[in-house]
S.K.: 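Take this structure, written in structure tokens, and hold onto it; I'll ask about it next.
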Amino acid sequence: MQTLDMIDRKILAALQIDSRLTMQELADKVGLSISPCHRRVKLLEQRGVISGYMALVDQKAVGLPVSVFISIKLVRQKEEDLNRFAKAISKWDEVLECYLMTGNRDYLLRVVAADLASYEAFLKNKLTRLDGIASIESSFALSQVKYSIALPV
């Protein structure tokens, strides 16, 4: 990993707030002219520091107001069991995040749904049909206190 200097960090911070900035606007924010700023952005992209650009969509606005955090314990933690689980859930659009965990649970998932009935259908028709799951524990988010995808660069 190459180190990031202060200008790189300013570029990353600005783009995380608004990735639609023009190169002129970005250059002005970080104190560079357009050409060097553009070169730095391209270099950050090539190095994989910037992995893409996206639009943030409000989950409530698109009819998915329910967030569920699901703790999964597998029967066994052998590599093939872990891989089978990861492969299966990676295909499901309802699963926004999945983490392999330490501690008494193997996986933590964040799932979105339109309502409780939709979540129940996801649980019954997908999650509980996977082989090798010992237990499933669901926790429903009542409200979102903080949400950010911006890293503290």
S.K.: With ILVMFWY side chains joined below 4.5 Å, transitively, what does Leu56's cluster contain besides itself?
M.R.: Met54, Tyr147, Ile149
S.K.: Suppose the criterion is side-chain hydrogen bond (donor to acceptor under 3.5 Å, both in side chains): which pairs have a residue in residues 127-136, not counting sequence neighbours?
M.R.: Arg105-Ser135
S.K.: Which value, rounded to the nearest 0.5 Å, describes the distance between Gln24 atom CD and Ser33 atom OG?
M.R.: 9.0 Å
S.K.: Please tell me if the side chains of Val41 and Ile11 come closer than 4.5 Å, counting only heavy atoms from C-beta onward.
M.R.: yes
S.K.: Is it the case that the side chain of Ser51 and the backbone of Gly48 share a donor-acceptor pair, with hydrogens and angles ignored and the cut-off at 3.5 Å?
M.R.: no
S.K.: Determine whether Val75 and Met101 fall in the same hydrophobic cluster, where Ile, Leu, Val, Met, Phe, Trp and Tyr are linked whenever their side-chain heavy atoms lie under 4.5 Å apart.
M.R.: no
S.K.: For residues 144-153, which residue pairs qualify under salt bridge (charged side-chain N to carboxylate O under 4.0 Å, His left out), counting only residues two or more places apart or in two chains?
M.R.: none
S.K.: What I want to find out is whether Lys126 reaches Glu94 closely enough, with some N-O distance under 4.0 Å, to be called a salt bridge.
M.R.: yes
S.K.: If two hydrophobic side chains count as joined below 4.5 Å and joins carry through other members, does Leu96 share a cluster with Tyr99?
M.R.: no
S.K.: Can you tell me how far the CG atom of Asp115 sits from the CD atom of Glu120, to the nearest 0.5 Å?
M.R.: 10.0 Å
S.K.: Could you note down all residue pairs passing ring-ring contact (aromatic ring centres under 6.0 Å, His included) where residues 35-73 supplies at least one of them, sequence neighbours left out?
M.R.: none
S.K.: To the nearest 0.5 angstrom, please state how far the CG atom of Leu151 sits from the CZ atom of Arg9.
M.R.: 11.0 Å
S.K.: Between atom NZ of Lys42 and atom CD1 of Ile50, what is the distance when rounded to the nearest 0.5 Å?
M.R.: 9.0 Å
S.K.: Tell me, which pairs form a salt bridge (charged side-chain N to carboxylate O under 4.0 Å, His left out) where one or both residues lie in residues 23-32, sequence neighbours left out?
M.R.: none
S.K.: Taking the side chain as every heavy atom from C-beta outward, state whether Asp5 and Arg40 have any atom pair closer than 4.5 Å.
M.R.: yes
S.K.: Heavy-atom count check: over 12 atoms from other residues, nucleotides or ligands less than 6.0 Å from Asp93 CG?
M.R.: no
S.K.: Hey, any chance Leu43 and Met23 share a hydrophobic cluster, counting ILVMFWY side chains that come within less than 4.5 Å of each other, even indirectly?
M.R.: no
S.K.: For the pair Lys78 and Asp81, find out whether any cationic side-chain nitrogen is under 4.0 Å from an anionic carboxylate oxygen.
M.R.: no
S.K.: Are Leu32 and Met6 connected, step by step, through hydrophobic side chains (Ile, Leu, Val, Met, Phe, Trp, Tyr) whose heavy atoms are closer than 4.5 Å?
M.R.: no
S.K.: I need the Leu108 CG to Asp106 CG distance, nearest 0.5 Å.
M.R.: 11.5 Å
S.K.: Is Ile89 isolated, or which residues cluster with it under the ILVMFWY side-chain rule of less than 4.5 Å, directly or via members?
M.R.: Val66, Val68, Ile70, Ile72, Leu74, Leu82, Phe85, Trp92, Val95, Leu100, Tyr107, Leu109, Val111, Leu116, Tyr119, Phe122, Leu123, Leu127, Leu130, Ile133, Ile136, Phe140
S.K.: Ignoring hydrogens and angles, tell me if any N or O in the side chain of Ser19 forms a donor-acceptor pair with the backbone of Leu15 under 3.5 Å.
M.R.: no
S.K.: Counting only heavy atoms not in Glu79, do more than 12 sit closer than 6.0 Å to its CD atom?
M.R.: no
S.K.: Side chains of Gln59 and Ser67: donor-acceptor distance under 3.5 Å anywhere?
M.R.: yes
